Amino acid sequence: MFSIVADVEHYPDFLPWVAGMRLLSRETQGTKTITMAEMLVGFRAYRERYTSRVTADETAHTIDVEQTQGVFRHLNNHWHFTPEGDGCRIDFTIDFAFRSRLLNAVAGSAFSHALSQMTHAFEKRAAALSR
C-alpha cells in the first residue's frame, strides 16, 4: 500500500476526481523521497490545480503531503503504514481548508462521501496490482 500511495503519477489512473498529474521534481534525501507534483482535480465543469510536496519515507512507513500552492488555505495529510501479517494497518489524517468559504461549505458536506470513495479506490488499486 505504501508504494501505491507514494506513486502519485498514477493517481489519474484510479482516483476519482483526479483529472491529471504533472510531476515537477523528485529527489532523494537519505531514506526519504520528496516529490513535487501538480494535481488537476475536477468534478463536472469545476477544475482546480494545486501543487503539493509529497515526502515518502519507506523506512518510517510514512507519507506526508503538504500543499505548496493552490486552491487550499492549507492542505496537510499524513499516512502511517504498520505492517500486520500479509497486509498493513493504515492510519490516515487530513487537515484542509479551502480559500473560498463556498468551497469549504460544499466540501465539508461531501467530505465523508469523498473520503470513502477514495479509500475504496486505493483498495481496488491494491487488489488489481496484487493479482
Side-chain angles (χ1 to χ4, degrees):
M1 284 305 293
F2 177 90
S3 62
I4 292 169
V5 175
D7 188 17
V8 296
E9 300 97 302
H10 287 98
Y11 282 10
D13 298 341
F14 68 95
L15 277 179
W17 309 296
V18 179
M21 179 70 70
R22 185 167 61 115
L23 184 66
L24 303 175
S25 68
R26 176 171 283 144
E27 64 179 273
T28 302
Q29 295 180 358
T31 63
K32 298 178 182 179
T33 301
I34 300 168
T35 303
M36 295 294 293
E38 180 185 67
M39 184 183 295
L40 174 64
V41 292
F43 182 73
R44 297 186 182 153
Y46 179 77
R47 297 263 193 253
E48 285 290 343
R49 292 183 189 278
Y50 67 93
T51 303
S52 291
R53 176 185 301 107
V54 180
T55 304
D57 187 334
E58 197 163 5
T59 302
H61 307 290
T62 59
I63 298 174
D64 294 300
V65 180
E66 176 186 11
Q67 176 195 262
T68 60
Q69 181 179 359
V71 66
F72 297 95
R73 181 174 299 122
H74 66 271
L75 168 67
N76 297 292
N77 63 59
H78 175 76
W79 301 76
H80 185 257
F81 304 84
T82 304
E84 289 186 354
D86 291 337
C88 69
R89 186 182 82 229
I90 301 170
D91 294 302
F92 175 75
T93 59
I94 185 167
D95 180 30
F96 73 95
F98 286 98
R99 294 185 194 282
S100 158
R101 287 185 192 158
L102 175 62
L103 282 177
N104 266 330
V106 170
S109 65
F111 179 72
S112 121
H113 176 69
L115 188 58
S116 174
Q117 284 195 305
M118 292 181 78
T119 300
H120 180 69
F122 276 108
E123 291 169 343
K124 189 174 173 183
R125 176 76 168 178
L129 292 176
S130 68
R131 291 183 186 148

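These numbers were taken from a predicted model, which means no experiment stands behind them.
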Please check if [X] and [Y] belong to a single hydrophobic cluster, counting links between Ile, Leu, Val, Met, Phe, Trp and Tyr side chain heavy atoms closer than 4.5 Å.
{"X": "Phe98", "Y": "Ile94", "answer": "yes"}
{"X": "Leu75", "Y": "Leu40", "answer": "no"}
{"X": "Val5", "Y": "Ile34", "answer": "no"}
{"X": "Leu115", "Y": "Val8", "answer": "yes"}

Quick check for you: to the nearest 0.5 Å, what is the distance between [X] atom [atom1] and [Y] atom [atom2]?
{"X": "Glu66", "Y": "Asp95", "atom1": "CD", "atom2": "CG", "answer": "11.0 Å"}
{"X": "Met36", "Y": "Leu24", "atom1": "CE", "atom2": "CG", "answer": "6.5 Å"}
{"X": "His78", "Y": "Ile63", "atom1": "NE2", "atom2": "CD1", "answer": "10.0 Å"}
{"X": "Gln69", "Y": "Glu38", "atom1": "CD", "atom2": "CD", "answer": "8.0 Å"}
{"X": "Asn76", "Y": "Asp64", "atom1": "CG", "atom2": "CG", "answer": "8.5 Å"}
{"X": "Lys124", "Y": "Leu129", "atom1": "NZ", "atom2": "CG", "answer": "12.5 Å"}

Determine whether the aromatic ring centres of Trp17 and Tyr11 lie less than 6.0 Å apart.
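Between Trp17 and Tyr11, the centre distance exceeds or equals 6.0 Å.
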Counting C-beta onward and ignoring hydrogens, is there a side-chain heavy-atom pair between Met118 and Pro16 closer than 4.5 Å?
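In contact.
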Close side-chain approach of Ile4 to Phe14, heavy-atom, < 4.5 Å:
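They are in side-chain contact.
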Shortest non-hydrogen contact from Ser130 toward Ala127:
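Closest pair (atom of Ser130, atom of Ala127, distance): OG-O, 3.0 Å.
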Please report the closest heavy-atom contact between Ala56 and Ala6, naming both atoms and the distance.
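Here Ala56 and Ala6 meet closest at CB-CB, 4.2 Å.
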For Glu27 and Gln29, run side chain to side chain contact (heavy atoms under 4.5 Å, CB included): C-alpha distance rounded to whole Å, both residues' side-chain angles, the deciding distance at 0.1 Å, then the answer.
CA-CA 7 Å; Glu27 64 179 273; Gln29 295 180 358; 2.7 Å; yes
Any donor-acceptor pair under 3.5 Å linking the side chain of [X] with the backbone of [Y]?
{"X": "Arg99", "Y": "Gly70", "value": "yes"}
{"X": "Thr68", "Y": "Arg53", "value": "no"}
{"X": "Gln67", "Y": "Phe72", "value": "yes"}

Exceeds 12 heavy-atom contacts within 6.0 angstrom, atom [atom1] of [X]:
{"X": "Glu58", "atom1": "CD", "result": "no"}
{"X": "Gln117", "atom1": "CD", "result": "yes"}
{"X": "Arg22", "atom1": "CZ", "result": "no"}

Thinking salt bridges, do Glu9 and Arg26 make one under a 4.0 Å N-O criterion?
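Result for this pair is yes, salt bridge flagged.
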Picking from Thr33, Thr62, Thr31, what satisfies side-chain hydrogen bond (donor to acceptor under 3.5 Å, both in side chains) with Asp57?
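Among the candidates, only Thr31 passes.
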After noting the C-alpha distance and the side-chain angles of Ile90 and Phe122, does the key distance pass the side chain to side chain contact (heavy atoms under 4.5 Å, CB included) rule?
CA-CA 11 Å; Ile90 301 170; Phe122 276 108; over 6 Å; no
Go through it in stages, so that I can follow the logic: the residues are Lys32 and Thr59, the test is side chain to side chain contact (heavy atoms under 4.5 Å, CB included), and I'd like the CA-CA distance, side-chain angles, deciding distance and then a yes or no.
CA-CA 8 Å; Lys32 298 178 182 179; Thr59 302; over 6 Å; no
Mind running side chain to side chain contact (heavy atoms under 4.5 Å, CB included) on His80 and Thr82 for me, showing each step along the way?
CA-CA 7 Å; His80 185 257; Thr82 304; 3.3 Å; yes
